[in-house]
Amino acid sequence: MNNAVRRPRRLRQTPGIRGLVRETRLSPDSLVLPLFVREGSGVREPIQSMPGQIRYSPDTLGEGVAGAVAAGVKSFLLFGIPEDGRKDAIGSAAWAEDGVVQTAVKTIRPDFPDAVIVTDVCLCEYTSHGHCGVVEDGSAGRAGHKGHVHNDRTLELLARTAVSHIRAGADMVAPSDMMDGRVAAIRAALDAEGFTDAAIMSYAVKYASFFYGPFREAAGSAPGFGDRRGYQMDWHNRREAAKEAALDLEEGADILIVKPALSCLDIVSDVKAMSDCPVAAYSVSGEYAMIRAAAAQGLVDEYGVMCESAAGAFRAGADILLTYFAGELAEAMRKGDIG
Ligand code: PBG
């Protein structure tokens, strides 16, 4: 074949042409910044496991939001961290009217009326054992299941938590617990309260990932015994992701999250292809921490790796990217270094 006929390099010769033919366009509108908020006041605690991230309290959280808004970020995902003394076996601080997330949302809502406030709905930060749901005590005649998380008993507690977040002023809830049927339970509870416009961004595909390590230190939510493989997915599985996504869609999810991002780009692509709703990739704490750590050692160009990883998620099919680099990425987009 005549090598002169098709020469892909022709479209790479100048920045203008590269921009013209770029396939993946990125916008700060598609970014979501996760933020950690703990009980107390005046808190601005650097998170050791995630250099550059800060734990706020409800009264200081606005600083974190304002900084990101200034960079162009419009959407936020809140994680709550209760005082240790408020943790119990069923995680009741998760749905308390004066809980940390509820207080934080009420505090920042008036100052940021246009921000999209999404709240993570899970029990692991609030339970004394650190699991994402109610742990079986064997009393249901299922002694063999002692120590397992009881799916159905957990649903009502998640629904209560979701309702309390929306009542406080959140726009959307993001259930991350991985109990079966929780999207339907949360949808029904929200509708019953008249919150029919509150959206659900469900962690439809969530693997039992080693990449969550830094988060568990940040949120103090590591399981006290066992692990999460009883409810989070096995990362050897691909078709199972389609099943999880289909179930969440059927139950009323408005946006589907795939998590983690970097090790699951095939899944992002699959979920995008099979669903008609927006797909969000969650670039998790371990992905963030690895980039920061490698850059701190001088091993990689942090800015470049950050941009390339984000572009990869969108190229795979994500409509939305949840990332701790949201502020930096929004800046990079504004400067034209990405997108
Ligand atoms: C709570 C939850 C976790 C993450 C989001 N929601 C931790 C876990 O499942 O152990 C991880 C987020 C991250 O690592 O950035 N269930």
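Any value given below was found using the heavy atoms of this structure, including those in side chains, with hydrogens, waters and symmetry copies removed.
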- [ ] Would you mind reporting whether Thr127 and Asp88 have side-chain heavy atoms less than 4.5 Å apart?
- [x] no
Open item on the list: Counting the benzene-type ring for Trp, do Phe36 and Phe215 have ring centres under 6.0 Å apart?
Closed with: yes
Open item on the list: Between Asp29 and Lys74, does any side-chain N to carboxylate O distance fall below 4.0 Å?
Closed with: yes
Open item on the list: Quick check: closest heavy atoms across Ala218 and Ile47, and the distance to 0.1 Å?
Closed with: CB-CG2, 3.5 Å
Open item on the list: What's the separation between atom CG in Leu26 and atom CE in Met333, rounded to the nearest 0.5 Å?
Closed with: 4.5 Å
Open item on the list: Would you say CD of Gln13 has more than 12 non-hydrogen atoms from neighbouring residues, nucleotides or ligands within 6.0 angstrom?
Closed with: yes
Task: Evaluation steps, salt bridge (charged side-chain N to carboxylate O under 4.0 Å, His left out), between Glu97 and Arg167 - done: CA-CA 9 Å; Glu97 287 301 324; Arg167 189 177 288 132; 3.1 Å; yes
- [ ] Report the C-alpha separation of Tyr207 and Ile267 in whole Å, then their side-chain angles, then the decisive distance to 0.1 Å, and conclude whether the side chain to side chain contact (heavy atoms under 4.5 Å, CB included) test is met.
- [x] CA-CA 11 Å; Tyr207 288 96; Ile267 310 300; 3.3 Å; yes
TODO: Could you tell me which non-hydrogen atom of Ile200 sits nearest to which non-hydrogen atom of Met172, and how far apart they are?
DONE: N-CG, 4.2 Å
Task: Side-chain donor or acceptor of Ser285 paired with backbone N/O of Phe211 under 3.5 Å - done: yes
Open item on the list: If we ignore hydrogens and angles and just use 3.5 Å, is the side chain of Thr60 paired with the main-chain N or O of Tyr56 as donor and acceptor?
Closed with: no
Open item on the list: For a salt bridge (charged side-chain N to carboxylate O under 4.0 Å, His left out) check, start with the C-alpha distance between Arg44 and Glu63, then their side-chain angles and the critical distance, and finish with the verdict.
Closed with: CA-CA 10 Å; Arg44 295 175 190 86; Glu63 296 169 13; 2.7 Å; yes
Task: Flag side-chain contact, heavy atom, 4.5 Å: Leu31 against Thr323 - done: yes
- [ ] Could you tell me whether Arg160 and Glu156 have a side-chain N and a carboxylate O separated by less than 4.0 Å?
- [x] yes
Open item on the list: Quick check for you: to the nearest 0.5 Å, what is the distance between Leu262 atom CG and Tyr282 atom OH?
Closed with: 14.5 Å
- [ ] Would you mind reporting whether Leu256 and Cys277 have side-chain heavy atoms less than 4.5 Å apart?
- [x] yes
Open item on the list: Quick check: closest heavy atoms across Glu287 and Pro260, and the distance to 0.1 Å?
Closed with: OE2-CB, 3.3 Å
Open item on the list: One thing to verify: whether Arg182 and Asp248 come together as a salt bridge, which I'm taking to mean a side-chain N less than 4.0 angstrom from a carboxylate O.
Closed with: yes
Task: Distance (rounded to the nearest 0.5 Å) between Asn151 CG and Asp180 CG - done: 5.0 Å
Task: Gln297 side chain vs Ala293 backbone, donor-acceptor pair below 3.5 Å - done: no
Open item on the list: Once rounded to the nearest 0.5 Å, what's the spacing between atom OG of Ser202 and atom CG of Leu247?
Closed with: 10.0 Å
Task: Cluster check Val116, Phe76: I/L/V/M/F/W/Y, side chain < 4.5 angstrom - done: no
Task: Summary of salt bridge (Lys or Arg N to Asp or Glu O under 4.0 Å) pairs that have at least one residue in residues 99-109, sequence neighbours excluded - done: Arg109-Asp171
TODO: Start with the C-alpha distance between Leu77 and Leu322, add both sets of side-chain angles, then the distance that settles side chain to side chain contact (heavy atoms under 4.5 Å, CB included), and finish with yes or no.
DONE: CA-CA 8 Å; Leu77 172 64; Leu322 299 107; 3.7 Å; yes
Open item on the list: Closer than 3.5 angstrom, by distance alone: can the side chain of Trp95 be matched with the main-chain N or O of Leu158 as a donor-acceptor pair?
Closed with: no
Open item on the list: Taking Val258 as the starting point, is it possible to reach Leu321 by hopping between hydrophobic residues whose side chains are less than 4.5 Å apart?
Closed with: no
- [ ] Consider only side-chain heavy atoms of I, L, V, M, F, W and Y, link residues closer than 4.5 Å, and tell whether Val268 and Val271 are in one cluster.
- [x] yes
Open item on the list: Could you walk me through whether Gln53 and Tyr288 satisfy the side chain to side chain donor-acceptor pair (under 3.5 Å) test, starting with their C-alpha distance in whole Å, then the side-chain angles of each, then the deciding distance to 0.1 Å, before giving a yes or no?
Closed with: CA-CA 10 Å; Gln53 299 301 304; Tyr288 173 83; 3.1 Å; yes
- [ ] Tell me whether Ile81 is reachable from Val284 by hopping between hydrophobic residues (I, L, V, M, F, W, Y) whose side-chain heavy atoms are closer than 4.5 Å.
- [x] yes
Task: Rounded distance [0.5 Å steps], CG in Asp177 versus SG in Cys132 - done: 7.0 Å
TODO: Using atom types as modelled and distance alone, determine if a side-chain donor or acceptor of Thr103 lies under 3.5 Å from a backbone N or O of Gly99.
DONE: yes
Open item on the list: Check this for me: does any side-chain nitrogen of one of Glu39 and Arg86 sit under 4.0 Å from a carboxylate oxygen of the other?
Closed with: yes
Task: Ile320 backbone acceptor or donor facing Ser30 side chain under 3.5 Å - done: no
Open item on the list: Run Tyr303 and Asp337 through side chain to side chain contact (heavy atoms under 4.5 Å, CB included) and show every step you take.
Closed with: CA-CA 10 Å; Tyr303 190 72; Asp337 292 336; 2.6 Å; yes
Task: Donor-acceptor under 3.5 Å (Asp59 side chain, Gly42 main chain) - done: yes
Open item on the list: Could you go through Glu125 and Ser221, starting from their C-alpha distance and side-chain angles, then the distance that decides it, and tell me whether this counts as side chain to side chain donor-acceptor pair (under 3.5 Å)?
Closed with: CA-CA 5 Å; Glu125 295 98 336; Ser221 64; 5.3 Å; no
Task: Same apolar cluster: Met290 and Val305, side chain cutoff 4.5 Å - done: yes
Task: Arg38 with Glu45: basic N within carboxylate O range, under 4.0 Å - done: yes
TODO: Decide yes or no for Ser283 and Tyr324: does some side-chain heavy atom of the first lie under 4.5 Å from some side-chain heavy atom of the second?
DONE: no
TODO: Quick one: closest heavy-atom pair of Val105 and Leu78, and the distance?
DONE: CG2-CD1, 3.8 Å
Task: Main-chain N/O of Ala199 paired with Asp254 side-chain donor or acceptor, under 3.5 Å - done: no
Task: Salt-bridge present (Arg229, Asp234; N to O < 4.0 Å) - done: no
Open item on the list: Test side chain to side chain contact (heavy atoms under 4.5 Å, CB included) on Phe225 and His129; report intermediate values, then the result.
Closed with: CA-CA 7 Å; Phe225 62 88; His129 44 71; 3.8 Å; yes
TODO: May I ask you to check if Lys206 and Tyr212 form a cation-pi contact, with NZ or CZ under 6.0 angstrom from the six-membered ring centre and within 45° of the axis?
DONE: yes
- [ ] Kindly write out the residues that satisfy side-chain hydrogen bond (donor to acceptor under 3.5 Å, both in side chains) with Asp319, not counting sequence neighbours, or none if the list is empty.
- [x] Lys272
Task: Side-chain ion pair, Glu251 and Arg187, N-O less than 4.0 Å - done: no
Under 3.5 Å, which donor-acceptor pairs link side chains of residues 117-124 to any protein atom two or more places apart or in another chain?
unit_1 : atom_1 : unit_2 : atom_2 : d
Thr119 : OG1    : His165 : ND1    : 2.8
Asp120 : OD1    : Ser176 : OG     : 3.2
Asp120 : OD1    : Tyr203 : OH     : 2.6
Asp120 : OD2    : Ser176 : OG     : 3.0

Task: Non-hydrogen atoms of Met178 and Ala204 that approach each other most closely - done: CE-O, 3.8 Å
- [ ] Ignoring hydrogens and angles, tell me if any N or O in the side chain of Thr154 forms a donor-acceptor pair with the backbone of Val134 under 3.5 Å.
- [x] yes
Open item on the list: Any carboxylate oxygen within less than 4.0 angstrom of a Lys/Arg side-chain nitrogen, looking at Lys243 and Glu240?
Closed with: no
TODO: Identify the two heavy atoms, one from Val183 and one from Ala253, that lie closest to each other, and give their separation to 0.1 Å.
DONE: CG1-N, 3.5 Å
Open item on the list: Using 0.5 Å steps for rounding, measure from the CZ atom of Phe325 to the CD1 atom of Ile291.
Closed with: 4.5 Å
